[in-house]
Amino acid sequence: MSLPDRADELEQFKTQIDLCDFACAWAGFTKDRRKSSKSSAILRHTNGDKLIVARTNQRHHIYFNVHNGRDRGTIIDFVQVRERATIGDIRKLLRPYVGRSIELPDGQTPTALSLVPSSFDVAAVQTKWHSASPLPPVHRYLERERRISRSILNDPKLKDRIRSDQRGNAIFPHFSNEGLCGFEVKNRGWTGFSPGGVKGCWITRPHPEDQELLIFETAIDALSLASLEGTRHRRFISTAGQVSPLQLDLLRSAVKKMPPQSNILLCMDNDDGGDQLMAALRNALAPYSQRITEYRPPQRGQDWNDVLRNREAAVTISPKPEQRIG
């Protein structure tokens, strides 16, 4: 049997060695199964390193270190960073692992190359998300400009559903069936989406007592209605605009996961775009629920943040004292 040529052998290292198992067996990492998803695995080390491992469309295992932006790449880079070895030495080290199961420390189970190859840039999305921070004590954009209640931002259903980056942008994670797939970025006069990511759905943490699923065009609108009416027995979800086929599938799945006899509230903007989205969602979700209700802002042209800010303005503006004449 002839040995693979040099390029083919490097390809085998990248595709036929489970980087998760190798990192645990060879470098002392431990898998965090609770934080891992179908498309990415979280590995931790006692020295503080935290790795995200994923697979590309080419089925390459790739990783990046959340705490060290230069520590990233394929299994070849993983070894080179830690051993300062030549490519020849790395070949010798990795050859015995190609296509074979790796014996792991006690208590750990193999992943068996089970990570789902992603249709988006997992490394770019995860790097940006994990570099973001929890919300500060006061978030200028969300609280002062959008008038979102701090009690809502601290609600357990919102735990880790909003972060803030170094520029003070509010970051809203989107999820697909594979896990984190992108995030919406919001600030004053500006909206963006994560480079390399795809739109899934932003959704609050589910609770078994939830009885209503409220669907919004934006996470800001969802937070606004939550500020107005609370979160009790409610699950909030946002599409960040008009919906894609992927998002329609995710919404159908979200409806099916609700308890029996739950209400589905379509909380679109009261405008032409909201009309179009309302019709699309009614058609897509009708086979999965007979309890779909339209719940929109009262005035034409409004979204739910308009309603919240108008109420806050009415509360804060007090009448002037009467002027006494004579």
Side-chain angles (χ1 to χ4, degrees), residues 134-135 139 142-143 146-163 170-177 180 183-184 186 199-243 247-271 274 277-282 284-299 302-312 315:
L135 290 179
H139 194 278
L142 292 176
E143 295 178 73
R146 291 295 189 166
R147 313 303 296 177
I148 306 298
S149 164
R150 171 49 66 166
S151 63
I152 290 300
L153 297 178
N154 291 336
D155 191 295
K157 289 187 176 182
L158 272 297
K159 183 179 179 181
D160 213 27
R161 289 302 192 255
I162 317 170
R163 291 186 180 181
I171 299 179
F172 300 92
H174 275 227
F175 300 92
S176 68
N177 291 326
L180 179 69
F183 49 84
E184 188 180 7
K186 298 280 291 184
K199 286 186 179 181
C201 287
W202 176 86
I203 187 167
T204 54
R205 292 187 176 276
H207 191 279
E209 294 184 358
D210 290 340
Q211 298 171 1
E212 293 182 326
L213 177 67
L214 287 73
I215 303 175
F216 296 84
E217 295 185 48
T218 71
I220 292 292
D221 285 336
L223 296 176
S224 299
L225 188 56
S227 296
L228 288 163
E229 300 183 0
T231 65
R232 183 175 173 80
H233 300 318
R234 285 179 156 183
R235 194 172 301 175
F236 297 76
I237 191 167
S238 163
T239 62
Q242 296 294 324
V243 293
Q247 290 175 302
L248 286 176
D249 285 341
L250 294 173
L251 290 173
R252 293 185 188 104
S253 178
V255 169
K256 290 189 285 186
K257 289 177 181 177
M258 291 294 293
Q261 304 304 311
S262 293
N263 296 314
I264 312 302
L265 277 64
L266 304 181
C267 307
M268 280 61 260
D269 298 349
N270 195 343
D271 59 17
L277 184 54
M278 182 81 66
L281 294 185
R282 277 192 176 277
L285 302 180
Y288 304 94
S289 176
Q290 301 302 312
R291 302 171 68 93
I292 299 177
T293 303
E294 180 177 323
Y295 191 46
R296 305 174 78 177
Q299 296 181 20
Q302 283 188 326
D303 60 30
W304 282 108
N305 189 242
D306 293 328
V307 177
L308 173 64
R309 288 188 292 174
N310 287 346
R311 189 199 70 169
E312 292 295 310
V315 169

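- A side-chain donor-acceptor contact under 3.5 Å links E217 to the backbone of D269.
- Proximity of a side-chain donor or acceptor of R205 to a complementary backbone N or O of K159 within less than 3.5 Å is detected.
- Interatomic distance, CG of L251 versus NZ of K256, reported as 12.0 Å (0.5 Å rounding).
- Counting non-hydrogen atoms of other residues, nucleotides and ligands closer than 6.0 Å to CZ of R309 gives a total above 12.
- A heavy-atom distance below 4.5 Å is found between the side chains of Q302 and N310.
- Residues S289 and S262 come closest through the heavy atom pair OG-O, 4.3 Å.
- Taking each heavy atom of L308 and R147 in turn, the nearest pair found is CD2-O, 3.2 Å.
- Counting heavy atoms from C-beta outward, F183 and H174 have side chains that stay 4.5 Å or more apart.
- With values rounded to the nearest 0.5 angstrom, F175 atom CZ is found 4.0 Å from R161 atom CZ.
- The closest side-chain heavy-atom distance from L223 to I162 is below 4.5 Å.
- In plain terms, the two heavy atoms of P259 and P208 that are nearest each other are CG-O, 4.0 Å.
- For the atom pair CE of M268 and CD of E294, the computed distance is 9.5 Å after rounding to the nearest 0.5 Å.
- Put simply, the side chain of P298 reaches to within 4.5 Å of the side chain of V307, judged on heavy atoms.
- When all heavy atoms of P297 and D303 are compared, the pair lying nearest together is CG-C, 3.6 Å.
- Residues V243 and L277 have side chains in contact (heavy-atom distance under 4.5 Å, counting atoms from C-beta outward).
- Residues C267 and I215 are not in side-chain contact: their nearest non-hydrogen atoms beyond the backbone lie 4.5 Å or more apart.
- From I171, atom CD1 reaches atom CH2 of W202 across 14.5 Å, with rounding to the nearest 0.5 Å.
- At distances below 3.5 Å, not a single donor-acceptor pair connects side-chain atoms of T204 with backbone N or O atoms of K157.
- Atom CG of L250 and atom NZ of K257 lie 8.5 Å apart (nearest 0.5 Å).
- Among all heavy-atom pairs drawn from R296 and N270, the shortest one is NH2-CA, 3.6 Å.
- Side-chain atoms of S176 do not come within 3.5 Å of backbone N or O of G200 as any donor-acceptor pair.
- Here R146 contributes atom CZ and H139 contributes atom NE2; the two are 12.0 Å apart, rounded to the nearest 0.5 Å.
- A side chain to side chain contact (heavy atoms under 4.5 Å, CB included) with F216 holds for exactly one of I220, L214, T218; it is L214.
- Ring geometry, Y295 versus W304: the interplanar angle falls from 30° to 60°, so the pair is classed tilted.
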- Item | Chi angles and distances behind the side chain to side chain contact (heavy atoms under 4.5 Å, CB included) call for R234, D210 | CA-CA 5 Å; R234 285 179 156 183; D210 290 340; 5.6 Å; no
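- S149 and S227 make their closest contact through N-OG, 3.1 Å (heavy atoms, listed as atom of the first residue, atom of the second, distance).
- A donor-acceptor pair is defined here as one N or O able to donate and one able to accept, closer than 3.5 Å; no such pair exists between the side chain of R235 and the backbone of I203.
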